[in-house]
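Below, read A as the first sequence line, B as the second, and so on, with proteins coming before strands; counting in each chain starts at 1. These numbers were taken from a predicted model, which means no experiment stands behind them.
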Protein chains: 2
Amino acid sequence: MLTTTEKLFKIFADKNRLRILNLLLQRKMCVCELAFVLQVTQPSISRHLKRIKETGLIADEQDGFWTNYFLIKNSKAGVILKSVKSFLKNDKVIKADLERLKKAERTKLCSK
Amino acid sequence: MLTTTEKLFKIFADKNRLRILNLLLQRKMCVCELAFVLQVTQPSISRHLKRIKETGLIADEQDGFWTNYFLIKNSKAGVILKSVKSFLKNDKVIKADLERLKKAERTKLCSK
DNA sequence: TATCTATATAACCATTCTGTTATATACATT
DNA sequence: AATGTATATAACAGAATGGTTATATAGATA
């Protein structure tokens with residue numbers, strides 16, 4: 001449990017994972033949308049999501065072309081997530097993320 | 001704030017810092033007592049304490065030969081600390097720490 | 001089946017982190 | 001002032017971490 005707890009907090013100990021979790025508090029999202037909002041490469045997002053998933057905080061589902069990631073309700077870390085939300089509420093970057101989120105439409109983002 | 005939050009969670013993202021915080025939830029402690037309970041070298045403990053202190057979770061006071069470290073009440077991270085406590089409650093290592101804590105008397109520990 | 005697209009994984013580099021030993025500093029006592 | 005003790009800091013090695021580019025995989029469509 002000590003190791004488990006350590007791993008859990010490691011998830012929250014990264015700026016971009018905090019941003020990802022904050023976005024998933026809004027709605028389920030696919031990889032390319034997250035990459036667009038964070039302005040980080042797709043493989044980076046994928047790896048973060050993998051790690052978050054390993055701790056049981058999120059799950060994924062297939063949705064046509066895309067893979068949706070979403071928060072698991074009632075996870076052990078729910079309490080922490082609440083704190084995260086309130087800690088970050090007034091942050092500049094977080095606010096900018098939420099603005100960019102409005103423009104994050106997968107059908108437009110992922111065509112190359 | 002994003003960076004601050006990231007730093008805060010980094011504090012909880014280490015096994016030995018979790019053990020230290022859990023012990024400080026019991027009582028104020030000096031460096032050599034913590035080193036004794038965790039069975040880790042003194043410089044390692046000192047550095048952990050320094051980092052925890054930088055985030056405003058703990059403070060220190062001089063006590064004769066020793067430096068006592070103690071949790072700051074009403075810190076922003078209080079909520080998290082509560083979760084930590086409940087997460088770790090039943091952990092083997094944590095329980096063993098609490099047992100060893102009973103034998104941690106600075107006057108006996110630190111004489112070489 | 002062949003092709004296209006979103007996502008996952010691999011490999012690499014730079015940075016950060018933790019533990020250790022060795023050493024410096026600061027406080028107490030004589 | 002001098003000495004002894006607890007703690008802090010420095011320097012180092014090994015492991016882990018995050019970002020990137022390149023490549024593989026899996027699902028959808030034609």
Side-chain angles (χ1 to χ4, degrees), chain A residues 2-3 6-21 24 28-55 58-70 93 104-112, chain B residues 2-3 6-21 24 28-55 58-70 93 104-112:
Chain A
L2 185 55
T3 306
E6 186 188 22
K7 280 183 189 166
L8 176 64
F9 281 113
K10 268 193 211 300
I11 292 301
F12 295 105
D14 176 85
K15 211 189 295 189
N16 286 338
R17 281 193 293 268
L18 287 171
R19 294 170 74 194
I20 289 172
L21 289 168
L24 292 182
K28 53 176 68 176
M29 296 184 70
C30 71
V31 178
C32 71
E33 288 172 329
L34 286 166
F36 167 75
V37 175
L38 297 212
Q39 318 226 61
V40 165
T41 58
Q42 170 265 311
S44 183
I45 300 288
S46 279
R47 195 170 52 183
H48 281 311
L49 288 169
K50 187 182 179 187
R51 293 198 182 154
I52 302 175
K53 188 181 164 191
E54 281 166 2
T55 68
I58 61 175
D60 62 309
E61 70 188 353
Q62 206 62 28
D63 174 26
F65 272 106
W66 298 280
T67 307
N68 279 327
Y69 283 86
F70 54 91
V93 176
E105 274 183 65
R106 59 188 67 184
T107 51
K108 291 176 185 172
L109 290 177
C110 299
S111 51
K112 288 173 190 170
Chain B
L2 184 56
T3 307
E6 185 188 21
K7 280 182 190 167
L8 176 65
F9 281 113
K10 267 194 211 303
I11 292 302
F12 296 104
D14 176 85
K15 210 189 296 190
N16 286 337
R17 281 194 294 268
L18 287 172
R19 294 170 73 192
I20 289 173
L21 288 168
L24 292 181
K28 53 177 66 176
M29 296 185 70
C30 71
V31 178
C32 72
E33 288 172 329
L34 286 165
F36 166 76
V37 176
L38 297 211
Q39 317 227 62
V40 165
T41 58
Q42 170 266 311
S44 182
I45 300 288
S46 281
R47 196 170 50 185
H48 280 310
L49 288 168
K50 186 182 180 186
R51 295 200 176 150
I52 301 175
K53 189 182 164 188
E54 281 167 1
T55 68
I58 62 175
D60 61 309
E61 71 187 353
Q62 206 61 28
D63 175 26
F65 272 106
W66 298 279
T67 306
N68 279 327
Y69 283 86
F70 53 91
V93 175
E105 274 182 66
R106 60 188 65 184
T107 51
K108 290 176 186 173
L109 290 176
C110 301
S111 51
K112 289 171 190 170

For A:R17, what residues pass the salt bridge (Lys or Arg N to Asp or Glu O under 4.0 Å) criterion, not counting sequence neighbours?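 Once residues adjacent in sequence are excluded, A:R17 has no partner under the salt bridge (Lys or Arg N to Asp or Glu O under 4.0 Å) criterion.
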Given C:dT7, C:dT18, D:dT7, which nucleotide is nearest the side-chain atoms of A:T67?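 The listed nucleotide nearest to A:T67's side chain is C:dT7.
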Please give, in whole Å, the distance from [N] [atom2] to [X] [atom1]?
X      : N      : atom1 : atom2 : value
B:F9   : C:dC17 : CZ    : C1'   : 19 Å
B:K53  : D:dT7  : NZ    : P     : 13 Å
A:F65  : C:dA8  : CZ    : P     : 15 Å
B:K15  : C:dC17 : NZ    : P     : 18 Å
B:R106 : D:dT7  : CZ    : P     : 8 Å
B:R19  : C:dG19 : CZ    : P     : 10 Å
B:N68  : D:dA6  : CG    : P     : 14 Å
A:L109 : C:dT7  : CG    : C1'   : 15 Å

Considering residues at least two apart in sequence or located in another chain, which fulfil the ring-ring contact (aromatic ring centres under 6.0 Å, His included) criterion with B:F12?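 Testing B:F12 for ring-ring contact (aromatic ring centres under 6.0 Å, His included), a comparison that skips the adjacent residues, returns A:F9.
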Does [X] make a side-chain N or O approach to OP1 or OP2 of [N] shorter than 4.0 Å?
X     : N      : answer
A:K50 : C:dA8  : no
B:Y69 : D:dA8  : yes
B:R51 : C:dC17 : no

Considering all heavy atoms of both residues, which atom of A:E6 and which atom of B:D14 are nearest to each other, and what is their separation?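 So the two residues come closest at OE2-CA, 3.7 Å.
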State which residues pass side chain to side chain contact (heavy atoms under 4.5 Å, CB included) with B:F70; sequence neighbours excluded, sorted by chain then number.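 B:F70 satisfies side chain to side chain contact (heavy atoms under 4.5 Å, CB included) with B:K28, B:A59, B:E61 only.
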Extract all donor-acceptor atom pairs below 3.5 Å that involve side chains of residues 35-47 of chain B and protein atoms in other chains or at least two apart in sequence.
| from | atom 1 | to | atom 2 | distance (Å) |
| --- | --- | --- | --- | --- |
| B:Q42 | NE2 | B:S46 | OG | 3.1 |

The criterion is side chain to side chain donor-acceptor pair (under 3.5 Å); which residues satisfy it with B:K53, sequence neighbours excluded?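 Counting only residues at least two positions away or on another chain, B:K53 forms a side chain to side chain donor-acceptor pair (under 3.5 Å) with B:D60.
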Nucleic acid footprint by protein, nucleotides 19-26 of chain D - heavy-atom cut-off 4.0 Å, B for base, S for sugar-phosphate alone: BBBB----
Residue whose nearest DNA chain D nucleotide is more 5′ - B:Q62 or A:Q62: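 Of the two residues, B:Q62 wins.
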Distance, nearest 0.5 Å, that separates CD of A:Q62 from SG of A:C30: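 Answer for the CD-SG pair, A:Q62 versus A:C30, is 10.5 Å.
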Using heavy-atom distances to pick each residue's nearest nucleotide on DNA chain C, tell me which of B:G64 and B:K10 is more 5'.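 The answer here is B:K10.
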